[in-house]
Each structure stands twice: as structure tokens, then as C-alpha cells.
Amino acid sequence: MKPLHPLCGAGLGLRREHLQSMASEVPSTVQFLEVAPENWIKAPKQRRQLLAQILEHTPLVCHGLSLSLGGPAPLDMDLLKAIKRFLQEHQVVRYTEHLSYCSDQGHLYDLMPIPFTEAAARYVADRIKQTQDVLGEPIAVENVSYYCAPGQQMPEIEFINTVLELADCELLLDINNIFVNSINHGYDADAFLRQLPSERISYGHIAGHYVEQPDLIIDSHGAPVRDDVWQLLGKAYEHHGVFPTLLERDFNIPPLDELVAELDSIHRIQQSVMNQQKEYACG
């Protein structure tokens with residue numbers, strides 16, 4: 001498989017609301033962008049031309065929504081081949097998917113938790129390897145938020161690490177998802193972070209959430225990142241070194257300058273930890 005291209009700094013999820021302004025000028029602090037390929041494979045020609053214009057000077061990563069790596073149905077090979085064409089056309093430097101599933105006989109339009117069992121870990125690892133074989137490159141899988149754990153036989157951290165090892169794939173480290181799960185399921189987020197394999201981290205995600213109750217929070221991606229999640233990002237850098245990190249915002253999209261201001265927090269935390277560690281390698 002071909003090696004991954006270098007990726008550095010702080011990135012931003014590209015939203016349709018900001019296409020025109022991004023096509024005019026990508027803010028200098030946005031060092032890479034992310035899109036869901038499913039939203040672009042059949043996009044109108046004019047919109048894809050804007051994307052190509054934006055990508056002339058800015059690297060792109062892709063975060064898949066519907067490959068359903070843990071699903072019971074066979075992998076959608078037509079979708080996977082279309083994704084491969086999109087990755088090649090736009091010289092995408094990373095492809096990632098969720099460590100979950102979203103389909104059975106039809107699309108479920110949500111991310112469902114894979115049972116934390118040895119059998120499920122082997123099953124999803126085989127599907128990840130199949131995906132990597134088709135794409136001809138490593139992929140990264142994202143640790144996801146979940147609100148129940150049906151059939152659980154092992155801790156979440158053991159399940160994730162088992163999948164990464166069996167599939168020999170990368171990790172898209174979502175900091176907010178760890179925080180959300182730590183509150184909802186009562187575990188120590190910092191201890192969880194420490195047990196992840198540094199060498200497999202491809203890049204990171206950070207996002208906002210909604211507090212339903214003190215012991216129930218929802219991974220909404222619809223609000224600014226909260227202070228305790230920023231603090232957890234700093235802990236992740238301290239444990240694993242500074243890795244590229246992308247700000248997600250999927251709902252209640254604010255003006256671009258507000259997102260860029262929030263992105264500056266990633267840069268500040270990265271610089272602070274780099275000053276302490278005196279080293280930083282691109283992911």
C-alpha cells in the first residue's frame with residue numbers, strides 16, 4: 001500500500017455555507033480541510049469546480065459516513081470504488097471512517113455501536129483490511145460516541161486497540177467522543193487516552209457537544225468546543241505528541257471568521273505543548 005502523505009497543524013471541516021468565501025481565499029490558519037466524500041461524489045459540476053479551486057493550495061482529508069464497516073451486509077463495493085476515484089481525483093491525503101455501522105437492509109442514518117466482543121473486533125478488522133486492499137492505502141478509523149453497549153464483553157479501549165492491531169490501520173482520534181463517552185459511561189478520559197497507541201494516530205477531531213443532563217451529554221457537533229474538551233486535547237498532545245487536529249462543526253454553522261477564531265485555540269494548544277516538548281513531527 002502507498003505511504004500516507006504528511007499532514008500538519010490545524011484543519012477545518014469544509015461546509016457548503018463557506019464554499020464561496022473559501023474559493024476566494026482559504027484563511028492562512030486553515031492548514032487542511034475535510035469533507036465527506038459521499039456528499040461530493042455526485043455533487044453538481046459547479047460545486048466540484050469550487051472544491052478543486054479551494055484545493056489548489058490546501059490539502060484535503062476525507063471522512064466517510066456510510067461505508068458501514070461494522071455492518072452485517074457486505075461492503076458496498078460500488079461506493080468504495082467511487083470513493084477511490086474521488087480520493088485519486090482530488091489527491092486526498094487521508095481517508096477515514098467511523099468504527100461503527102450505519103446500515104442493514106437499508107441505511108439507518110445513524111452511527112450504531114459495534115458490540116465490544118472479540119468476534120466483532122475480528123469481523124470489523126477483516127472489513128477494514130478489505131477496504132484498505134481496494135483503496136491501496138491505509139485508512140484510519142474513528143473512535144465513536146455511543147449511548148449503549150449491547151453484548152459488551154470487553155472494555156471499549158480494549159476493543160479499539162484490538163481492531164487497530166488486527167487491521168493494521170490508523171486511528172482518527174476524536175477527543176470530544178472520548179469526553180462524551182467518559183461522562184455517559186463513567187470512565188476516566190485521561191486514563192483512556194493514555195492507553196491508545198501513539199504510533200497509530202493519523203490526526204484528531206475536536207467538536208462541541210450538548211449537555212442534556214450532568215451524566216448525559218450528546219455528541220452534537222453543533223456548538224463551540226467546551227473548555228474541558230480543550231483541556232483534554234492538551235492532555236492528548238502531552239501523552240502522544242502534537243498531532244494534526246481538525247475542528248468539526250456540522251450544525252448551527254457560524255460565520256467562517258468565528259470558526260477560524262475557534263481554530264486558533266488548536267494552534268495555541270499545539271504551540272504550548274510543542275514549547276514544552278520541543279519537538280513535533282507531522283502526522
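Excluded from the calculations below are hydrogen atoms, water molecules and symmetry mates; all remaining heavy atoms, backbone and side chain alike, are included. The shown structure was predicted, so the numbers you read here are calculated from the model rather than taken from an experiment.
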For this session: Under the salt bridge (Lys or Arg N to Asp or Glu O under 4.0 Å) rule, what do Arg48 and Glu89 come out as? Steps first, then yes or no, please.
Result: CA-CA 11 Å; Arg48 293 191 65 168; Glu89 178 184 356; 2.6 Å; yes

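- Distance alone, capped at 3.5 Å, is enough to place a donor-acceptor pair between the Asn177 side chain and the Asn143 backbone.
- Residues His98 and Leu65 are in side-chain contact: their nearest non-hydrogen atoms beyond the backbone lie under 4.5 Å apart.
- A heavy-atom distance below 4.5 Å is found between the side chains of Cys62 and Val35.
- Identified under the salt bridge (charged side-chain N to carboxylate O under 4.0 Å, His left out) test for residues 27-44, with sequence neighbours left out: none.
- Of all the heavy atoms in Ile114 and Phe159, the pair that sits closest is CG2-CZ, 3.7 Å.
- Checking Thr245 against Tyr237 by side-chain atom types alone, a donor-acceptor pair falls below 3.5 Å.
- No more than 12 heavy atoms of other residues, nucleotides or ligands shown are found within 6.0 angstrom of CD on Gln46.
- Asn275 and Gln271 share a donor-acceptor pair across their side chains, judged by distance under 3.5 Å alone.
- In this structure, a donor-acceptor pair under 3.5 Å is present between the side chains of Asp190 and His239.
- Of the possible polar contacts, one joining the Arg127 side chain to the Leu69 backbone as a donor-acceptor pair under 3.5 Å is found.
- Without hydrogens or angle criteria, Gln132 side chain to Ile139 main chain gives a donor-acceptor distance under 3.5 Å.
- Residues Met22 and Leu12 meet the side-chain proximity criterion, which asks for heavy atoms closer than 4.5 Å.
- Applying the side chain to side chain donor-acceptor pair (under 3.5 Å) test to every pair with at least one member in residues 10-20, sequence neighbours left out, gives these pairs: Arg15-Asp250.
- Between Ser182 and Phe192 the shortest side-chain heavy-atom distance does not fall below 4.5 Å.
- Of the possible donor and acceptor atoms, one in the side chain of Arg200 sits under 3.5 Å from a partner among the backbone N and O of Cys169.
- In Tyr147, the OH atom is crowded: over 12 heavy atoms of neighbouring residues, nucleotides or ligands sit closer than 6.0 Å.
- Taking the side chain to side chain donor-acceptor pair (under 3.5 Å) definition, one finds that Ser21 meets it with nothing, sequence neighbours left out.
- A pairwise comparison of heavy atoms in Ala10 and Ile266 identifies CB-CG2, 3.7 Å as the closest pair.
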Please set out all donor-acceptor pairs under 3.5 angstrom arising from side-chain atoms of residues 77-84, sequence neighbours excluded.
from  : atom 1 : to     : atom 2 : distance (Å)
Lys84 : NZ     : Val134 : O      : 2.9

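- The cluster map of Ile, Leu, Val, Met, Phe, Trp and Tyr, joined by side-chain heavy atoms under 4.5 Å apart, puts Val144 and Leu166 in different clusters.
- The shortest side-chain heavy-atom distance between Leu173 and Leu193 falls under the 4.5 Å cut-off.
- For the side chain to side chain donor-acceptor pair (under 3.5 Å) test, residues two or more places apart in sequence or in another chain that qualify with Arg122 are Glu118.
- Scanning for salt bridge (charged side-chain N to carboxylate O under 4.0 Å, His left out) contacts around Asp76 gives an empty result, with sequence neighbours left out.
- Between Ile54 and Leu60, the closest side-chain pair of non-hydrogen atoms is not below 4.5 Å.
- Note: the hydrophobic cluster containing Leu50 also contains Ile41 (ILVMFWY, side chain heavy atoms under 4.5 Å, direct or indirect links).
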